[in-house]
Amino acid sequence: MSQEIVMRRVTAPEIRARKGGEPIVALTSYHANTARIADNHCDILLVGDSLGMVLYAMDSTLGVSLDMMIMHGRAVVRGSKRAMVIIDMPFGSYEESPALAFRNAARIMQETGCGGVKIEGGARMAETIRFLADRGIPVMAHIGLTPQSVNTLGGFKTQGRDTALWPLIKADAKAVSDAGAFSVVLEGIVEPLAAEISREIPISTIGIGGSRECDGQILVLEDMLGYNPKPPKFVKVYGSIGAGIDQAVKAYADDVRSRAFPGDEHVYPLK
Ligand code: KIV
């Protein structure tokens, strides 16, 4: 008798319940091919608005639109089967009011089939997080270095170097947790503070340039693959995809230039 194996996606309550347990593995993914591969190993695939910088060579994430996020989100959902797919709400799509945030988050969920959305901001976004979570939208929060605030932060800077600011960052973590976020990304937060936050709040923390004491880790896939010639300092590079592409493209160019490139005779043999 054949047994059908039903693939089920990881859910928001499961991620929340991993607090203090087996570390959560998360990576960004922007299209179906990387989603298909990363899905074999990851609990969460984040369609991050970092795609604006990584794929579209923007200077910041501010130019990313809701339509771009939805297009890439659809591809990642189609390419994966098991991981929870989270989609970033882009700058301008949620800050104005909880009602606007709900309309746009509902559009993301309906048009992509993803498992939840991520929004940047701590205490100032708590009302919106509660509004969404109360209406059936799983929310991952994102505090510390929040790239959409690059202009008010004065750059992509590590947060919490000045210990006088620790209470504010901790208050952000508590606010998003109390508001109903199932998880929170701690980005660019000094190690001891990220570790303390992870111990103090009941939801799963996902670190990026944070602490190994976070409940999980996320990296931008292209950074850890060796695709980005200048990855952030905290990134451990696990691959050499950039060099691999360079080698393959050079071999192809050499074949074409020396007329060694195979012709169509194998595909369309003459009778
Ligand atoms: O946009 C993104 O890729 C992110 C991760 C870096 C957490 O927000």
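Ligands are counted one by one from 1 in listed order, and the atoms in each one are counted from 1 as well.
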Q.
Heavy-atom distances under 4.0 Å decide this one: backbone, side chain, both or neither, for Ile208 against ligand 1?
A. side chain

Q: Any atoms of ligand 1 less than 4.0 Å from a non-hydrogen atom of Gly48? List them with their elements.
A: 1 (O), 2 (C), 3 (O)

Q: Keeping the roles fixed (side chain from Arg107, backbone from Arg103), state whether a donor-acceptor pair exists under 3.5 Å.
A: no

Q) His142 heavy atoms, cut-off 4.0 Å: which ligand 1 atoms fall inside? A) 8 (O)

Q. Between Glu191 and Ser211, does any side-chain donor sit less than 3.5 Å from a side-chain acceptor?
A. yes

Q: Report the part of Leu51 (side chain from C-beta onward, or backbone N, CA, C, O) that has a heavy atom under 4.0 Å from ligand 1; answer both or neither where that applies.
A: neither

(Q) Has His72 got a side-chain atom pairing as donor or acceptor with Tyr30's backbone, closer than 3.5 angstrom? (A) yes

Q | Shortest protein heavy-atom distance from atom 8 (O) of ligand 1, along with the residue and atom involved | A | Lys118 NZ, 2.8 Å

Q: List the closest protein heavy-atom neighbour of atom 5 (C) of ligand 1: residue, atom name, distance to the nearest 0.1 Å.
A: Leu46 CD2, 3.7 Å

(Q) Check this for me: does any side-chain nitrogen of one of Asp134 and Arg130 sit under 4.0 Å from a carboxylate oxygen of the other? (A) no

Q | Close N or O approach (Asp88, ligand 1; < 3.5 Å) | A | yes

Q) Applying the 4.5 Å side-chain criterion to the ILVMFWY set and letting contacts propagate, would Tyr56 and Met69 be lumped into a single cluster? A) yes

Q. Can you tell me how far NZ of Lys157 sits from CG of Leu153, rounded to the nearest 0.5 angstrom?
A. 8.5 Å

Q.
Checking the N or O distance criterion of under 3.5 Å, is ligand 1 in contact with Thr28?
A. no

Q: Give a yes or no on whether a salt bridge exists between Arg82 and Asp39, defined as a side-chain N under 4.0 angstrom from a carboxylate O.
A: no

Q: May I ask you to identify the nearest protein heavy atom to atom 2 (C) of ligand 1, giving residue, atom name and distance to one decimal place in Å?
A: Ser50 OG, 3.2 Å

